[in-house]
Amino acid sequence: MKNNNIFLWVGLIILALVLIFVAKNNGPTGDNFVKSVLILEETFWDFKTISMADGNVSHDFVLKNNGSEPIKITKIQTSCMCTNANLLTNDGKVKGPFGMHESPPVNLEIMPNESVKLQAIFDPNAHGPAGVGVMDRSIYIDTNSSEKPKLELKFVANVIK
């Protein structure tokens, strides 16, 4: 009986150490966070009424680093497969597309007082002929900001045939 208790305690200690290791290595540590925050000029856009026949619509959201430290965008994900996002950098490069599932890593650093554009692209045909009516969608942005690590941009569209 004594041996069983020893094995139980050793197992619990090993499990606790593994959980601590996993928690410390899954995401930014205190050293990776910065106090800078991305400022959003707007967090919501209304495409109003759009026709399926006219195809994709897009809107550019501006993300600005008003802090004193560089801030890194680590992940961008959308709420639906009908939505994609691209980052338009100041040097004319496009990063993306970022979607609902597997997306390329972002790892874009925005320097203090710099801004980038996030282009939201909505495909009104993605849900087929039955996909009419008001559609609310979101784009999620993960950063290494200690103040506001997750941002959400939203848009709405009234889709007609």
Side-chain angles (χ1 to χ4, degrees), residues 18-19 21-67 69-159:
V18 167
L19 291 175
F21 177 79
V22 168
K24 281 189 159 198
N25 292 301
N26 275 346
T29 64
D31 295 338
N32 294 334
F33 281 112
V34 296
K35 290 188 188 264
S36 293
V37 176
L38 282 181
I39 304 299
L40 307 171
E41 289 184 2
E42 60 188 349
T43 58
F44 178 79
W45 181 255
D46 186 351
F47 284 111
K48 307 222 184 286
T49 300
I50 60 173
S51 170
M52 286 181 169
D54 293 336
N56 292 358
V57 293
S58 67
H59 177 73
D60 292 348
F61 291 93
V62 177
L63 314 171
K64 184 173 183 177
N65 179 354
N66 274 354
E69 301 171 277
I71 189 167
K72 186 181 277 189
I73 297 176
T74 57
K75 183 178 180 183
I76 296 175
Q77 194 168 17
T78 65
S79 62
C80 184
M81 290 175 56
C82 64
T83 304
N84 281 310
N86 290 318
L87 275 175
L88 311 173
T89 62
N90 291 331
D91 59 0
K93 294 181 181 171
V94 177
K95 284 187 145 270
F98 306 101
M100 182 177 182
H101 296 295
E102 295 294 321
S103 290
V106 182
N107 297 322
L108 177 70
E109 210 169 54
I110 303 170
M111 302 309 286
N113 297 314
E114 282 190 348
S115 60
V116 296
K117 291 181 181 175
L118 185 136
Q119 181 183 51
I121 305 162
F122 174 65
D123 179 359
N125 292 296
H127 297 283
V132 294
V134 176
M135 304 283 172
D136 293 304
R137 298 295 181 258
S138 294
I139 299 172
Y140 308 102
I141 304 164
D142 291 355
T143 72
N144 67 333
S145 170
S146 62
E147 304 296 315
K148 197 168 185 182
K150 295 189 180 283
L151 304 169
E152 182 179 9
L153 303 172
K154 292 182 170 215
F155 67 84
V156 64
N158 181 27
V159 180

Are there more than 12 heavy atoms of other residues, nucleotides or ligands under 6.0 Å from atom CE of Met81? no
Return the CG to OG1 distance between Asp54 and Thr49, rounded to the nearest 0.5 Å. 11.5 Å
So, taking the atom named OG1 in Thr74 and the one named CD in Glu109, what distance separates them when rounded to the nearest 0.5 Å? 12.0 Å
Got Thr143 and Ile110 here, is their nearest side-chain heavy-atom distance under 4.5 Å? no
Any chance you could measure Lys72, atom NZ, to Ser36, atom OG, to the nearest 0.5 Å? 13.5 Å
Looking at side-chain heavy atoms only, is the closest gap between Asn158 and Val134 below 4.5 Å? yes
Which atoms form the tightest heavy-atom contact between Gly55 and Asn125, and what is the distance? CA-ND2, 4.1 Å
OG of Ser103 to CD1 of Ile76: how many Å apart, nearest 0.5 Å? 8.5 Å
How about Val132 and Met52: do any of their side-chain heavy atoms sit closer than 4.5 Å? yes
Taking C-beta and beyond as the side chain, do Lys154 and Thr43 meet within less than 4.5 Å on heavy atoms? no
Closest approach of Phe98 and Pro105, non-hydrogen atoms and distance? CE2-O, 4.4 Å
Could you walk me through whether Ile73 and Leu63 pass the side chain to side chain contact (heavy atoms under 4.5 Å, CB included) test, one step at a time? CA-CA 10 Å; Ile73 297 176; Leu63 314 171; 4.1 Å; yes
Sequence neighbours excluded, the answer for side chain to side chain donor-acceptor pair (under 3.5 Å) partners of Glu114 is none
Output, in order, the C-alpha distance, side-chain angles, deciding distance and verdict of side chain to side chain contact (heavy atoms under 4.5 Å, CB included) for Ile71 and Asn144. CA-CA 6 Å; Ile71 189 167; Asn144 67 333; 3.3 Å; yes
Here the pair of heavy atoms bringing Pro104 nearest to Pro97 is CD-O, 3.3 Å
Quick one, Val159 and Ile50 - any side-chain contact, counting heavy atoms below 4.5 Å? yes
Stepwise, does the side chain to side chain contact (heavy atoms under 4.5 Å, CB included) test hold for Leu153 with Trp45? CA-CA 8 Å; Leu153 303 172; Trp45 181 255; over 6 Å; no
Could you pull out every donor-acceptor pair under 3.5 Å between side chains of residues 82-94 and any protein atom, sequence neighbours left out?
unit_1	atom_1	unit_2	atom_2	d
Asn86	ND2	Gln119	OE1	3.2
Thr89	OG1	Asp91	OD1	2.4
Thr89	OG1	Lys93	N	3.1
Thr89	OG1	Lys93	O	3.1
Asn90	ND2	Ser115	O	2.9
Asp91	OD1	Lys93	N	3.4

Side chain proximity check, Glu42 to Phe61, heavy atoms < 4.5 angstrom: yes
Just distance, no hydrogens or angles: give the donor-acceptor pairs under 3.5 Å from side chains in residues 135-142, sequence neighbours left out.
unit_1	atom_1	unit_2	atom_2	d
Arg137	NH2	His127	NE2	3.2
Ser138	OG	Glu152	OE2	2.7
Asp142	OD1	Lys150	NZ	3.2
Asp142	OD2	Lys150	NZ	3.3

Tell me, do Lys35 and Glu69 make a side-chain contact under 4.5 Å, heavy atoms counted? yes
In Å and rounded to the nearest 0.5 Å, what is the CZ to CZ distance from Phe155 to Phe122? 5.5 Å
